[in-house]
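One structure is given below, encoded as structure tokens.
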Amino acid sequence: MDNAIIELNNITKKFDGETVLDDITLSVKKNEFVTLLGPSGCGKTTTLRIIGGFETPDEGDVFFDGHLINDVPPFKRQLNTVFQKYSLFPHMNVFENIAFGLRIKKMDERLITSKVEKMLELFNLKNYGKRRIDQLSGGQQQRIAIARALVNEPKVLLLDEPLGALDLKLRKEMQQELKAMQKQIGITFIYVTHDQEEALTMSDTIVVMNDGIIQQMGSPIDIYNEPQNAFVADFIGESNIIDGIMHDDYLVEFLGKKFECLDKGFGKGEEVDVVIRPEDLDITPTGQGKLEGIVKSVTFKGVHYEMRIVVLGYEFLVHSTDMAPAGSTVGLTLTPDDIHIMEKGE
Ligand SMILES: Nc1ncnc2c1ncn2[C@@H]1O[C@H](COP(=O)(O)OP(=O)(O)O)[C@@H](O)[C@H]1O
Ligand SMILES: [Mg+2]
């Protein structure tokens, strides 16, 4: 593909006879922020390690800037990795930690100083050069781990759950900081996380993985609004997933009622998954909704209420600024564009 800096073509990887990556094909553009997102064990780290050259695929090809790099060792690839455990050198100060890669390259001392100082400035660590690593907070250590990789001026930075060890508030700050920096210096990021919110916040493109298979690739908005299957719908945000039957184009039945929808092309009588986002359901007084249920629980979430509403044994998750108390009977309404029909997963 034009403009692609990294391409994976039909990558398959087995460990002990177990397939952990199954025919992975993806393409990353220059300066793109791409996130591999999926539950633990789905193959994210293995994919990253294949790009980095730390694992060899059993089948398939890896391209860098149009060149096949299957046999190129990690240190000759123009990329750097930030691992989850950032493993800084505790016996070196901040400056020396960042300078490490440049010293290995035997770079001129003055050039090293200027490059490291630029990094310290970029990461708001200007007066920290002489500090010992153990005198720094988790957030500062994380910044140094990233600075230590970036100072080598890689074309691609691989980041494996780099914010996983930070508390929520710091993680959110670092998400903004990293994203801004990535745009500012103009570099390609391939980022791994199991946190869907992090992926939605930071990425240009999200690659949703499960069981070693790419489930969907697209912009955060596309993935959120148009999930291709129930797995993606459920993993990206919360969803109600109900068994349904397609009666005709634009007509689906679930929970004993027929609903207009926007989907077509399914077989008549085909069993489908009906996906409805919690924020798309509206509560009404009894008798005014197409569905009727009993409120099982109500939790105030700040901006909205989260309610669990049971309809014919199915427990809906509903997010609404309106509230009905636990134990009450309410109606539920939804419009055709609130209903998303998916092929049944295996
Ligand atoms: N070196 C290895 N030897 C054997 N199994 C491995 C090895 N590395 C990873 N795996 C297995 O491969 C699967 C994918 O792992 P990984 O890529 O680390 O997933 P993720 O990063 O998405 O959590 C898991 O089942 C894991 O146990
Ligand atoms: Mg991992």
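This is a predicted model, so every value here is computed, not measured. When a ligand or atom number is given, it counts from 1 through the structure's own listing order.
Side chain to side chain, His194 and Glu161 meet the donor-acceptor criterion of an N or O pair below 3.5 Å. Defined by atom type and a distance below 3.5 Å, a donor-acceptor pair is missing between the side-chain atoms of Thr286 and Glu292. No hydrogens or angles considered: a donor-acceptor pair under 3.5 Å links the side chains of Tyr191 and Glu198. At a cut-off of 3.5 Å, with distance as the only test, a side-chain donor of Thr335 or Asp338 sits close to an acceptor on the other residue. Side chain to side chain, Gln215 and Gln228 fail the donor-acceptor criterion of an N or O pair below 3.5 Å.
Proximity of a side-chain donor or acceptor of Asp16 to a complementary backbone N or O of Glu18 within less than 3.5 Å is not detected. Listed for the Gln182 side chain is a donor-acceptor partner under 3.5 Å among the backbone atoms of Asn31. Judged by distance alone, with hydrogens and angles left aside, the side-chain atoms of Lys179 form a donor-acceptor pair with the main-chain N or O of Met202 at under 3.5 Å.
Counting the atoms of ligand 1 from 1 in the order shown, those under 4.0 Å from a heavy atom of Thr46 are 15 (O), 16 (P), 17 (O). Less than 4.0 angstrom separates some heavy atom of Thr45 from each of these atoms of ligand 1: 17 (O), 18 (O), 20 (P), 21 (O).
If you check which protein heavy atom lies closest to atom 19 (O) of ligand 1, you get Gly43 N, 3.3 Å. Of the protein's non-hydrogen atoms, Phe15 CD1, 3.5 Å is the one closest to atom 10 (N) of ligand 1. Distance from atom 14 (C) of ligand 1 to its nearest protein heavy atom, with residue and atom name: Gly41 O, 3.4 Å.
Using a 30° and 60° split on the angle between ring planes, Phe259 and Phe254 fall in the parallel class, below 30°.
Taking a distance limit of 4.0 Å, we find that atom 17 (O) of ligand 1 is approached by some protein heavy atom. Within a 4.0 Å radius of atom 4 (C) of ligand 1, the protein contributes at least one heavy atom.
Of the polar atoms of Glu55, none of the N or O atoms is found under 3.5 Å from an N or O of ligand 1, judged by distance alone. The shortest N or O to N or O distance between Lys44 and ligand 1 is under 3.5 Å.
Residue Val20 touches ligand 1 through its side chain alone, judged by heavy-atom distances below 4.0 Å.
Checked for salt-bridge contact, Asp134 and Arg132 meet the test: a charged N lies under 4.0 Å from a carboxylate O.
Sparse packing is recorded around CD of Glu271, with 12 or fewer heavy atoms of other residues, nucleotides or ligands lying under 6.0 Å away.
Screening the protein for N, O or S atoms under 2.8 Å from the Mg ion (ligand 2) yields 1; no waters enter the count.
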